[in-house]
Amino acid sequence: MVNLELSEQEIIRRQSLEELRKLGIDPYPAAKYEINASSKEILTKFDPEKNNFQEVTIAGRIMKRRIMGSASFVELQDNGGKIQVYFKRDNICPNEDKTLYNTVFKKLLDIGDIIGVKGNVFITKVGEISVNVAEFTILSKSIRPLPIVKEKDGKIYDAFSDLDQRYRQRHLDLIVNPNVKEVFVKRTKLTNSMREYLNGKGYLEVETPVLQPLYGGAAARPFKTYHNTLDQTLYLRIANELYLKRLIVGGFDGVYEFAKDFRNEGMSRFHNPEFTQMELYVAYKDYNWMMDTVEEMVEKIALDIHGETEVQVGENVINFKRPWKRITMFEAIQEFTGIDISTMDEKELLATANKLKVPVDETMGKGKLIDEIFGEMCESKLIQPTFITDYPIEMSPLAKKHRSVDGLVERFEAICNGKEICNAYSELNDPIDQRERFEEQLVLGKRGDEEAMVLDEDFLRSIEYGMPPTSGLGIGIDRLAMIMTNSNSIQDVLFFPQMRPEKKALKDDNSSYTEIGIPEEWIPIIQKAGYVTVSSLKETSPGGLHQKLCGTNKKHKLGLQNPSQDDVKNWIENIK
RNA sequence: GACUCAAUAGCUCAGCUGGUAGAGCACAUCCCUUUUAAGGAUGGGGUCCAGGGUUCGAGCCCCUGUUGGGUCACCA
């Protein structure tokens with residue numbers, strides 16, 4: 001029986017599927033299909049002089065079909081690109097029986113099907129490198145139509161651009177939008193390049209717990225979960241800093257981790273609830289050394305991805321060539337506002353913030369005020385990669401006090417395209433100081449700061465045994481990927497960004513319909529007519545419904561015995 | 001979370017002051033000899049996001065909701 005929920009095109013494809021089976025063709029064969037070439041290889045290496053690629057086997061998805069009488073062209077898309085494939089009736093069907101071409105190829109194949117073809121490479125009259133098919137194999141029949149995207153000279157027509165659908169159905173996005181794959185390939189190049197750099201320095205890639213009894217290492221609200229056996233609340237990590245430091249205490253000189261972190265906060269084009277951060281800790285180093293490292297590493301990444309240090313990001317060209325500018329936070333504020341705040345007390349800072357129209361309130365301490373002024377007046381204006389150094393101590397409970405300036409810590413962030421891409425310190429290894437800093441956070445927490453850090457006794461115990469002076473770094477992989485791929489939103493560099501659940505219309509199940517006397521076979525037709533719940537039928541006029549049902553029966557050639565008007569009337573009367 | 005814009009065929013989109021639901025591609029049928037966004041002809045396809053309201057009449061106006069985009073707030 002015809003499924004009334006399917007579109008016409010889906011019904012036709014399901015019928016084609018059955019036709020194939022009737023012809024003895026398995027639309028989903030089990031056997032492996034051995035390919036010996038790819039579209040990319042053929043297009044780059046085919047040479048008519050050499051006459052190479054004369055026995056190729058390739059496989060891919062049909063993306064376009066141009067069918068003429070006894071000769072046709074198909075665009076086949078595989079992992080690396082697309083290639084034109086030429087089907088000629090008498091090549092495919094050398095004998096009398098032309099079914100394989102006339103029926104299987106022309107009628108039963110569709111855009112979206114995955115096929116394998118064997119043949120030889122040649123150049124068509126129009127000059128396009130193509131595969132001349134000798135035989136083809138259906139590898140997977142597609143029963144849902146793809147969006148059709150057309151392209152000419154790099155210009156895309158009817159692009160599949162609905163963001164909701166692109167993110168919810170990333171597979172579709174990847175199939176029909178060629179640039180999307182490229183973004184994710186670059187993202188992987190980025191992490192490969194970074195890993196290669198870190199391994200080259202001899203640092204050890206490690207894994208630390210995602211489920212943590214206490215969340216620490218950053219200021220953020222966590223996701224909370226529960227372990228039954230331990231009868232214990234656990235948190236998804238917001239950072240892995242405190243665990244990596246324990247490993248430094250344990251005697252590793254350099255450790256790093258590509259970590260999925262989770263923060264239960266707002267979403268935006270820069271924020272996804274789960275995101276990736278690379279954290280690195282190296283013993284016997286300080287934050288100056290770490291700036292050298294970040295510069296060198298990110299410059300290498302740009303070179304590995306783009307072959308040059310300049311990267312186009314929106315309207316800006318960003319140059320990652322070393323050395324990057326290094327200025328203190330105070331200097332940056334002076335540069336953008338002309339005001340030297342380095343010696344101001346809290347009162348003066350508040351007055352300055354008000355004068356600059358930076359939104360602040362009385363609860364903010366000195367550090368927070370400085371941070372607000374910087375965030376408001378400077379950050380978005382820093383386009384080229386810049387290290388901002390020496391942050392107020394109040395904002396950085398895990399960073400070491402500045403070696404020469406009171407009230408500051410040895411911390412830097414790299415800002416690029418107006419956004420922070422990394423955060424690093426000379427790590428605090430004085431256990432007494434660390435305990436005091438945690439206690440200050442506790443006070444903040446009691447005052448209602450939901451993001452204040454919690455005191456981690458176990459971590460404190462570990463550094464009481466002695467942690468070497470260490471420099472630590474956290475670098476946002478998604479943010480860096482956005483810059484390196486010229487993406488405007490974090491959702492464009494995550495395969496499956498977090499989305500609200502799709503709503504589904506609630507349907508009554510079949511028994512609710514049969515209860516009021518509706519035969520099983522009429523339920524889909526009634527639902528198709530818009531009555532997905534029995535109660536929605538209550539106010540319906542029986543005559544109108546009867547008309548509708550008989551009409552659908554006729555239109556879709558369902559061949560059902562129409563109910564009488566009295567039947568329909570009885571159904572509606574039976575509704576409680 | 002606040003404000004704002006949007007949702008119409010499988011896809012991309014029109015739809016006038018409120019008066020019979022439209023186009024291109026895709027799909028189907030027929031013709032066809034190497035085509036390039038696509039050869040020609042004909043045809044089928046719609047819960048106009050959902051639910052209320054105003055109206056003789058709603059895709060369009062009003063209200064509520066759903067989902068998405070943008071800006072802001074929190075944050076990396």
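Just so you know, these numbers come straight off a predicted model, no measurement behind them. Throughout, protein chains are lettered first and strands after them, A, B, ... in sequence-line order, and every chain is numbered starting at 1.
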Which one, B:G10, B:U35, B:G68, comes nearest to the side chain of A:R500?
-> B:G68
Measure the acute angle between the ring planes of A:Y256 and A:F258, then classify it against the limits of 30° and 60° as parallel, tilted or perpendicular.
-> perpendicular
Report yes if at least one side-chain N or O of A:K150 is closer than 4.0 Å to OP1 or OP2 of B:A38; otherwise report no.
-> yes
Less than 3.5 Å between a donor and an acceptor, one on the side chain of A:Q84 and one on the base of B:U35, is that the case here?
-> yes
Of the candidate nucleotides B:C13, B:G69, B:C27, which contains the atom at the shortest distance from the side chain of A:I111?
-> B:C27
Of A:S130 and A:A219, whose nearest nucleotide on RNA chain B comes first from the 5' end?
-> A:S130
Go through B:G69, B:G10, B:U34 for me and flag the one nearest to the A:I148 side chain.
-> B:G10
A:K245 to A:Y281 six-membered ring, cation-pi geometry met (6.0 Å, 45°) = no
Quick one: side-chain contact (heavy atoms from CB on, under 4.5 Å) partners of A:K186, sequence neighbours excluded?
-> A:E182, A:I305, A:H306, A:T485
Nearest to the side chain of A:M499, which nucleotide is it out of B:U34, B:G68, B:A28?
-> B:G68
Between B:U4 and B:G65 - P atom distance, rounded Å | 13 Å
Quick one: list whatever passes side chain to side chain donor-acceptor pair (under 3.5 Å) with A:Q9, sequence neighbours left out.
-> none
Ranking B:U33, B:C11, B:G68 by distance to the side chain of A:D164, first place goes to B:G68
Inter-nucleotide P distance (B:C60, B:G68), Å rounded | 23 Å
Decide yes or no, distance alone: a donor-acceptor N/O pair under 3.5 angstrom between the base of B:U35 and the side-chain of A:T124.
-> yes
P atoms of B:U42 and B:G24, separation to the nearest Å = 11 Å
With a centroid cutoff of 5.5 Å and a plane-angle limit of 30°, would you call A:F270 stacked on B:A76?
-> no
Would you mind classifying the nucleic acid contact of A:Q491 as base, sugar-phosphate or nothing, using non-hydrogen atoms under 4.0 angstrom?
-> sugar-phosphate
For B:A2, which nucleotide is its Watson-Crick or G-U wobble mate, given both distances must be under 3.5 Å?
-> B:U71
Polar atom pairs between nucleotides 71-74 of chain B and protein, under 3.5 Å, N or O only, would you list them?
| from | atom 1 | to | atom 2 | distance (Å) |
| --- | --- | --- | --- | --- |
| B:C74 | O2' | A:E451 | OE2 | 3.3 |

Below 4.0 angstrom, N of the basic side chain to O of the carboxylate: do A:D78 and A:R61 qualify?
-> no
Identify whether NZ of Lys or CZ of Arg in A:R170 sits under 6.0 Å from the centre of the six-membered ring of A:F496 and within 45° of that ring's axis.
-> no
No-H, no-angle donor-acceptor pair, A:Q9 side chain to B:A26 base, under 3.5 Å = yes
Pick the C1' atom in B:A21 and in B:U64, then give their distance to the nearest Å.
-> 27 Å
On RNA chain B, nearest-nucleotide positions of A:G69 versus A:R66: which is more 5'?
-> A:G69
Hey, what's the ring geometry for A:F46 with A:F53, parallel, tilted or perpendicular (30° and 60° as the breaks)?
-> tilted
